[in-house]
Amino acid sequence: MLNVEADYHQNQMPPKAPLKPLLVRAFSGEPIERPPVWLMRQAGRYMHEYQAVRQKTDFMTLCKTPALAAEVSMQPILAFGMDAVIVFSDILPPAEAMGLALTFGDKGPCFPNALLPDQVASLRIPEPEADLGFMLETLKILRRELSSPEHQDRALIGFAGAPWTLATYMIEGAIASEKGRHLHKTKAWLYNRPSVLHALLEKLALTIGRYLIAQIHAGAQAVQLFDTWAGHLSAREYAEFALPYQRRVISAVRQAHPEIPVIMYARGMRGCLPLLTQSGATVLSLDEFSDLSESRSALDANGFADLALQGNLDPVALWQADPERLTELTKQTLASGGSRRYGFNLGHGVLQYTPRDHVARVVDTAQAFRWQAP
Ligand code: CP3
């Protein structure tokens, strides 16, 4: 305290206010000259730099080695210059920390002993620092790295899976298989044992709320909640099994850190904007099946003008569209996002076989975009 005051008088300079990066300014409704640009799953197998690290390390070891996870988080920034860094990890380690063994193979993630109804009671509520400290450590490394002048306008984003989506992975064991895609085991719980499913979702909501708050303490300046399998529920089921638990997580985070943007991504929600607005998030990340400008108008007309939007270029367009067409689609997306409270992104994650020059083209096009003076 005394030292700060002494410095202040010596230098005649106010103490340095922490800089709000472009993404945070945009989502808070401050005037910005262009939208922030980042891509879900911007780090990963489409990058040779990532492949080089993965040749030496399996996926879980990579997630659990903070220096490597931080390196991989920065790879897309160094290659393409996005405006935000999403910490490298996965949505499933918290489920492992609850007591369910997790493996990652060629076919994606797998819980070899899928969760059974009578095991829900024995799942633990993890302590983020003790049980998921590797992710928090990665955030701390990235926080330091991003405080250099060259990076300080880039936001650091933390994330977690939403309770419904985490429950589906834990109950199915593996979703990569054709059978798993129906979520038939999870739906058996939903139809036949709803109270056990609620008990699991309750534990997940508590776990994820604490985890996101710990990520903010470790340096995250925004957090995103992924409800990737939301679209497998009817509106009525979503209101019972997905929404209340999103709300619980988000209200815990908002209560502890009202200044932090909370981004809600629920996939496959075509036409269900009113349900999305009820999550309590400050930013809605739309998938490629939604229309940004229609959503903006509907939000403005219904008292949700303060909600920001993120999205929503089709990741398959990023992969398959010819270069000229891709530029056009990127500009169309930016134009439909509107001139305030909007961040450019994809409708889902970057796909594995995406050519990297497509990513470079989209990021460059989006960052060169400027709002026309009114
Ligand atoms: O966005 C980023 O760059 C950060 C990293 C990130 C990963 N997974 C790395 C990853 C994030 C944000 C996730 C989230 C995630 N993981 C979700 C929600 C978002 C979405 O895509 O819907 C889900 C459902 C998962 C579960 C998961 N992890 C699957 C289905 C797979 C296998 C299929 C696939 O796309 O690779 C993973 C593995 C995974 N997670 C990889 C990466 C880079 C590939 C692992 C490898 O190197 O072999």
Side-chain angles (χ1 to χ4, degrees), residues 23-24 27 38-42 84-95 97-98 125-126 128 132 135-136 139 155-170 200-218 220-233 238-269 272-273 275-287 290 295 304 307-312 343 345-349:
L23 176 126
V24 176
F27 287 159
W38 72 281
L39 308 177
M40 289 186 253
R41 304 286 288 267
Q42 62 191 15
V85 179
I86 180 160
V87 59
F88 190 84
S89 187
D90 197 75
I91 58 167
L92 299 176
M98 291 173 86
I125 306 293
L132 295 155
M135 201 272 211
L136 306 178
L139 281 164
L156 179 56
I157 303 177
F159 72 90
W164 161 253
T165 289
L166 289 174
T168 64
Y169 278 96
M170 295 169 83
L200 171 60
L201 292 164
E202 195 87 48
K203 282 191 160 178
L204 283 165
L206 193 56
T207 297
I208 295 309
R210 287 187 187 172
Y211 185 40
L212 289 176
I213 290 169
Q215 291 182 32
I216 293 167
H217 293 163
Q221 295 159 305
V223 291
Q224 178 154 335
L225 199 55
F226 286 95
D227 219 344
T228 302
W229 298 111
H232 283 247
L233 294 169
Y238 182 91
E240 181 175 351
F241 295 97
L243 180 62
Y245 302 98
Q246 296 168 359
R247 285 177 63 92
R248 212 156 297 184
V249 170
I250 292 171
S251 80
V253 173
R254 298 282 303 149
Q255 224 165 2
H257 291 284
E259 77 288 3
I260 297 284
V262 178
I263 310 166
M264 180 71 226
Y265 173 76
R267 183 163 179 76
M269 295 296 293
C272 286
L273 201 61
L275 279 175
L276 286 173
T277 58
Q278 290 174 42
S279 69
T282 59
V283 187
L284 302 181
S285 193
L286 300 184
D287 68 19
S290 313
S295 303
F304 292 101
L307 260 176
L309 290 175
Q310 174 176 279
N312 71 346
N345 210 302
L346 301 178
H348 198 190

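Basis for what follows: all heavy atoms, side chains included, without hydrogens, waters or symmetry-related copies.
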Side-chain heavy-atom pair Gln215, Leu136 within 4.5 angstrom cut-off: yes

So how far is it from Gln42 CD to Asn345 CG, rounded to the nearest 0.5 Å? 8.0 Å

For the backbone of Trp229 and the side chain of Trp164, can you confirm whether one donor and one acceptor N or O come within less than 3.5 Å of each other? yes

Looking only at heavy atoms, what is the nearest atom pair of Val253 and Val262, with distance? CG1-CG2, 3.9 Å

Ala160 and Ile208: which non-hydrogen atoms are nearest, and at how many Å? CB-CG2, 3.7 Å

Here the gap from Leu204 atom CG to Tyr245 atom OH, rounded to the nearest 0.5 Å, amounts to 10.0 Å

If you compare all heavy atoms of Asp227 against all heavy atoms of Ala242, which two are closest, and at what distance to 0.1 Å? OD2-CB, 3.9 Å

Anything under 30° is parallel, anything over 60° is perpendicular, the rest tilted; go ahead and classify Phe226 against Tyr265. perpendicular

Locate the shortest heavy-atom distance separating Gly343 from Phe27; write the atom from each residue and the value. N-CE2, 3.6 Å

Minimum side-chain heavy-atom gap Ser295-Leu286 below 4.5 Å: yes

A side-chain contact here means heavy atoms from C-beta on lying under 4.5 Å apart; do Pro93 and Met135 qualify? no

Between the CD1 atom in Ile125 and the CD atom in Glu202, the distance rounded to the nearest 0.5 Å is 9.0 Å

Can you check whether Leu225 reaches Leu212 side chain to side chain, under 4.5 Å on heavy atoms? yes

Restricting to non-hydrogen atoms, name the atom on Ala84 and the atom on Leu23 that form the minimum distance, rounded to 0.1 Å. CB-CD1, 4.3 Å

Looking at Asn312 and Ser290, would you say the former's side chain and the latter's main chain have a donor-acceptor pair under 3.5 Å? yes

Is any side-chain heavy atom of His348 closer than 4.5 Å to a side-chain heavy atom of Arg41? no

Thr165 side, atom OG1; Gln246 side, atom CD - distance, nearest 0.5 Å: 8.5 Å

Any side-chain heavy atom of Met40 sitting closer than 4.5 Å to one from Ser285? yes

Using 0.5 Å steps for rounding, measure from the CZ atom of Phe159 to the CZ atom of Phe88. 8.0 Å

Using modelled atom types and a 3.5 Å cut-off, is there a donor and acceptor pairing between side-chain atoms of Arg247 and backbone atoms of Gln278? yes

With the side chain counted from C-beta on, respond yes when Phe304 and Leu273 share a heavy-atom pair under 4.5 Å apart, and no when they do not. no

For Thr282 and Pro261, work out which heavy atoms get closest and say how close. OG1-CA, 3.4 Å

What is the distance from atom CE of Met98 to atom CG of Leu92, rounded to the nearest 0.5 Å? 12.0 Å

